[in-house]
Amino acid sequence: MSLKEKILQLVQLPGWEFEQDAAVTGLNDNEASDEEKGLVGSTLGIWGADKVIEIQKKYIENHPHHIPLLFMLDVIHGHKTVMPCPLGQGASFDPELARRGAEVQAREAAAEGVHVTFSPMGDLVRDARWGRVVESTGEDPYLNGKMVAAMVKGYQGDDLKDNDHVASCVKHFAAYGAVVAGRDYNNVELSEHTLRDQYLPAYAEGIKAGARLVMTSFNTLNGIPSSGNKWLMRDVLRGEMDFDGVLISDWAAIAEMENWGFAENLKEAADLAMKAGVDIDMCTEAYGRNLESLVNEGRIKMELLDEAVLRVLTLKNDLGLFEDPYRGASVLRAKEECLSAKNREVARDAVRKSLVLLKNEYNALPLVEKKIAFIGPYAEEKELHSSWAISCDANDTVTIKKAAKEFYDGSDTRIKTARGCLSASDGDETMRGTYSLSDEKKQNKKLFEKAMEVAEWADEIVFCLGENIGQSGESTSKTDIRLPKPQMNLFKKICKEYRNEKTIVTLIFTGRPLDLEKIPEKSDALMICFRPGTEGGHGIIDVLSGNYSPSGKLSMSFPYSVAQAPISYNSFSTGRPKPANGGSAFTTRYLDCPNEARYPFGYGLTYSNFKMSEINISKAAMYKEDETDSIKASVTIRNIGFHEATETVQLYIRDLAGSRVRPVKELKGFEKVTLLPGESREVSFEIKEDMLRFWTIENKFDSETGKFKAFIGFDSTTENGSIFELK
Ligand code: GLC
């Protein structure tokens, strides 16, 4: 291969250079020459077997060495059959669910010619202001690690040559979820121990699971943009994590090192990225227009370039592209695969298991009344997926309205729906779409009047409120995480009228934790539905009807106020912890808000009631030097309610004294247990020394002898604990 041919294998062009309907998921600020179009190694944003085959055929014929093009796409939580958003999947505490969902996504995307998906996101998130929390599985390193690894396995299977699988790209490396002030693309300031203890583990689990690509993040880490961070990419990612796959930049992230003031120009940016080990330049001219001179000037060694090219060609080879550049993509295969009943059932099951019941009084749920009114923008909304479900068709979504009418014998005698108001936020230009502000007000007035009629008619009111598809995802940071005013007005007015005579249930559709204001107080039942995807209506009605009990647990804390962000359960006690009884002055507190989240990590109700025994530990100490040693921590749980239900038993550990201060709790295990009424079961966890390791003052991962406390509970607030010692 000539130098030019090698270099262009490292360049990724946006799909619109090959096909005008390609998805736009980044900035468009450069044009490719015909020569480049004929030699680049990959493209993104294109799907559709016929289109891919046509482009690939022409490309291979013209390429001097007939090297196939790689087609990459953001299949984040669904291609045509969309699963719940990752924040909802995290709430399932069910890695197998995530793996099954990723398998469906891979089959559907591969049938339509996709080779690589830019998923899963391993970013740990603690700040609901950041709109991309929708793409993460939450605030805990251990849970995120399990979910990310499961998704990688689902996407890739055991053999990438299997045409039902695609290569997985773990992103965004690293710590993108910690952007200052929750503002997208911002800088990140993290100590090395917090980076290593909290933010890196999930990426590492994805790489251990075999992810073939990693994507650099937009943010700087302590002043250095990730795409130019040699320590992070070569020492940590490729060295410590032993990653030998393809490292791709995020969209324009190499060129943006100039905006950051880290590179003086595009050529320096290319030099920095190459030396940091970034193999593919996503959608800028940095590599394509500068690597040749950098090599000719001796600033970039040919072997560095060859290494990168070899990794890209190895990926293509492992995908079987040299044997079959189309990987069996076909319109017929896609027709059979996409949105199949089997795939829809996987999605429907995932919806059921991702729903989090936060309140259920007076047995408001399951729904039993005769006449039920679903009121709110999401009662009829088709866009129940997230803004990252870029290749699906909202018309394939099962809405609440459709599912409710199906379930409740399709008559108008039991089910009525009313949108009540537009789903746009109040006056936000980008959310209002084609409406002017005055139009919106007029529309909302009409919709409200209809809603009042339907509320008057009903025995039970189910509000369907939340954020719309454009209010979470990339570049959607918000300083106000309350519901749009038109929705709150709708809720308040109807509650004022009917609160004391009708059952009020509220469903919240959201891509982020919200400040729920007075909604919980005024609702008899409250359930978080996240962005449930294609089978949203079916999965939600399956649970509202009582056919399935909800079992989800929050994987990201819901705060009282956005001002608490960033917030997470695994915080520190401080030198002046606020006593449980409310505390006094001179302790860590706010004057106007609790320290804790309103709804904590790991919290969620079922339709039944489970009791847990006190924790029992098998012995008081274990020995660090004896690697076979462990302590068994166990409880007995019992379903004392009247419904079959699934609880998630959670193990937390606290290191009571370390060479660095340690969180008050850290999730170290969880187990989902399904019990019939009256059934009981022992649940036990094996505590081993490696679970106690952290980034010590010696700057290495290690455990330290001393006292620890193990807790077992149904959420992160459990105090059901017992002390043990590592000797
Ligand atoms: C976007 C996102 C990244 C995505 C990529 C390609 O900017 O940050 O998550 O995979 O570009 O669409």
Side-chain angles (χ1 to χ4, degrees), residues 11-19 21-30 40-47 70-79 85-87 102 105 109 114-125 130-137 148 151-152 155 166-179 182-186 188 202-203 206 211-220 225-227 246-257 259-260 278-284 286 386-392 470 472-477 511:
V11 175
Q12 179 168 88
L13 284 183
W16 61 71
E17 296 287 2
F18 297 92
E19 201 269 316
D21 296 339
V24 180
T25 55
L27 304 168
N28 170 17
D29 54 9
N30 55 71
V40 292
S42 63
T43 185
L44 82 164
I46 296 173
W47 67 91
L70 263 181
F71 288 80
M72 304 193 189
L73 183 68
D74 292 282
V75 185
I76 306 303
H77 58 110
H79 181 55
C85 64
L87 195 62
Q105 295 162 44
V114 176
H115 305 147
V116 173
T117 178
F118 296 126
S119 174
M121 182 216 246
D123 303 337
L124 185 105
V125 291
W130 191 50
R132 300 198 74 167
V133 301
V134 65
E135 303 166 59
S136 168
T137 50
V148 164
M151 289 175 182
V152 169
Y155 288 129
V166 294
S168 164
C169 176
V170 168
K171 66 187 186 182
H172 306 81
F173 200 75
Y176 183 21
V179 282
R183 188 154 46 84
D184 212 348
Y185 313 122
N186 208 353
V188 165
Y203 307 119
R212 295 301 303 270
L213 297 93
V214 167
M215 183 186 292
T216 66
S217 58
F218 284 123
N219 55 286
T220 53
S226 297
S227 301
V246 171
L247 181 59
I248 185 169
S249 77
D250 202 338
W251 191 300
I254 293 177
E256 288 171 5
M257 287 197 273
N259 299 343
W260 276 108
V278 181
D279 298 319
I280 296 180
D281 171 7
M282 186 188 287
C283 302
T284 81
S386 90
S387 53
W388 270 113
I390 56 181
S391 45
C392 78
S472 58
E474 186 170 348
S475 186
T476 60
S477 295

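In this chain, numbering begins with 1 at the start of the sequence shown. Whatever order the structure lists ligands and atoms in, that order sets their numbers, starting from 1.
Just one residue in the list T43, V24, I46 forms a side chain to side chain contact (heavy atoms under 4.5 Å, CB included) with W16, and that residue is V24.
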Pairs under 3.5 angstrom only: tabulate donor-acceptor contacts from the side chains of residues 247-254 to other protein residues two or more places apart or in another chain.
{"unit_1": "S249", "atom_1": "OG", "unit_2": "M282", "atom_2": "N", "d": "3.0"}
{"unit_1": "W251", "atom_1": "NE1", "unit_2": "L27", "atom_2": "O", "d": "2.8"}

Going through the checks in order, is the side-chain hydrogen bond (donor to acceptor under 3.5 Å, both in side chains) test met by S227 and T216? CA-CA 6 Å; S227 301; T216 66; 2.8 Å; yes
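Here the closest heavy-atom approach between residue Y203 and residue Y176 is recorded as OH-N, 4.0 Å. Scanning both residues, M121 and R132, for their nearest heavy atoms gives CE-O, 3.5 Å.
Sorted by chain and number, the heavy-atom contacts of ligand 1 below 4.0 Å come from T25, L44, D74, F118, R132, K171, H172, M215, F218, D250, W251, M282, W388, E474.
Taking CG of D74 as the reference point, atom CE of M215 lies at 6.5 Å (rounded to 0.5 Å).
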